[in-house]
Amino acid sequence: MKESRQLCIGLSLTATWNKGKNDSGGGAGMFSNDGFVQLAKMAEQAKLDFVFKPDALFLHADGRGHSSRFASLDPTIMLTSIARETERIGLVTTVSTSFNPPFVVARQLQSLHWLSNGRAGWNIVTSLGGAENFTDAPMPASEERYEKAIEFTDVVQRLWESYPYEVFAGQADCGKEITAIHHNGKYFSVKGPLNLPAHASGTPPLFQAGASLAGRNFAALAADAIFASTPDMASGIELREDLRRRAQAHGRSPDAVRVLPGLYFFLAETRSEAQDMYREAHAHLSLERRFASIESIIGLRLEEMPLDQRVTADMLPDAGQPVRSRTHADLLRRFIVNHKPTVEELLSRPEVIGSAHWVAAGTAEDVMRDMLAWFEAGAMDGVIALPGGSFQSLELFLAELVPMLAEKGLFRKEYTGMTLREHLRMT
Ligand SMILES: Cc1cc2nc3c(=O)[nH]c(=O)nc-3n(C[C@H](O)[C@H](O)[C@H](O)COP(=O)(O)O)c2cc1C
């Protein structure tokens, strides 16, 4: 009998609930182990698939972009300390392929995998910035970063395979041996083998973020899950259908790439309380900042236009111009082409006031119904939870919403496996 589809749910460990608050993002506490361990334990108690840590390799000295939230511990080191304090939950770290040596990354991820008993996952990013911290050269274009990411990921995977677990475990008749990889490519030269054996449970699952054409092709080729920015159900359906087609074109199962949108939720006991929380979390974004955000995403200046004027496709700058993130530019361009919004409508879109994530505000029941609708429509395979507004949002998500999904048979009530591969049903 075919198993029924179940949701895959991860929790972001970034303090998204502090967004918009005029504080220091948690003070020194945000760098202590205790807070993150507590969050991971709460997520484990709710039987989530994994905790997840995004990352950046730069900090704006002028405080742009709420610098306190951009300051963060190295995610792989942080998750290693969580590994010791938890038993089941997956630990997905973010590591860029644009600036690191693949041998070091292969070893660090394999170390996290061993130290967590098979619970590591790798969120592969090509980075939105930070080149200045590694080289004098400017940030390479997105396409070049993906070309490098493909080679990088291939090298890491071959390093992971270069020292088979069976050899380490002394299985004399396994027919495998430790072998150098002798990689000599456009970007990297790595001889190998890795000085750490593979883990008995298999390799860490691969996550990916970035949904330009190059990003989608990379995900379809290599990723087991994609962290997606899908501000509305239509963009979720489009992305998921496209990735399923592309995975098949690479000879993979259409189910091989799980689409996990960021779900930025504002949960409260009443709908109006939740909506107030949503408004408060965005109140600090002045009109000026919103206009600047539109300009930085798609290069369109709208300050001079009346708020009730419609923005249409013919106003859009050339689609080929370089942008910081093709994913975010394409989402906003598509919204304008399809909806001809007024300037005012545009100024409150998730693409403009956030990271283009799906936003839901209401009671646990309301948001659970939204999730059900997206799941049934084929717009996602699960979510990465981004709690908004207050810590209570997170508590309600774990204590009320997730159990409701479990009651409906859409999420596990107990862990059945020990490793992240098992939680994701990859084995
Ligand atoms: C949902 C999402 C999350 C991302 N998270 C990170 C991150 O944590 N760290 C990072 O350096 N880049 C992150 N990126 C940037 C991507 O890795 C990529 O460099 C960027 O989106 C450009 O790729 P694109 O042309 O496919 O959009 C993220 C992108 C998206 C869409």
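Ligands are counted one by one from 1 in listed order, and the atoms in each one are counted from 1 as well.
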First-shell residues of ligand 1 [heavy atom, distance under 4.0 Å]: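 Near ligand 1, by chain and number: Pro54, Asp55, Thr94, Val125, Thr126, Ser127, Leu128, Ser142, Arg145, Tyr146, Ala209, Gly210, Ala211, Ser212, Phe227, Ser229, Ser325, Arg326, Thr327, His328, His357.
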Is the closest side-chain donor-acceptor distance between [X] and [Y] under 3.5 Å?
X	Y	answer
Ser355	His357	no
Glu422	Thr419	yes
Ser253	Arg244	no

Can you confirm if the aromatic rings of Phe103 and Phe188 lie within a centre distance of less than 6.0 Å?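 No.
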Any pair counted as salt bridge (charged side-chain N to carboxylate O under 4.0 Å, His left out), so long as it reaches residues 378-387, sequence neighbours left out: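 Matches after skipping sequence neighbours: Arg5-Asp381, Arg240-Asp381.
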Looking at Glu87 and Arg119, is there a salt bridge between them, counting it only when a charged N and a carboxylate O are closer than 4.0 Å?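 Here Arg119 does not pair with Glu87 in a salt bridge, since their nearest N and O are not under 4.0 Å apart.
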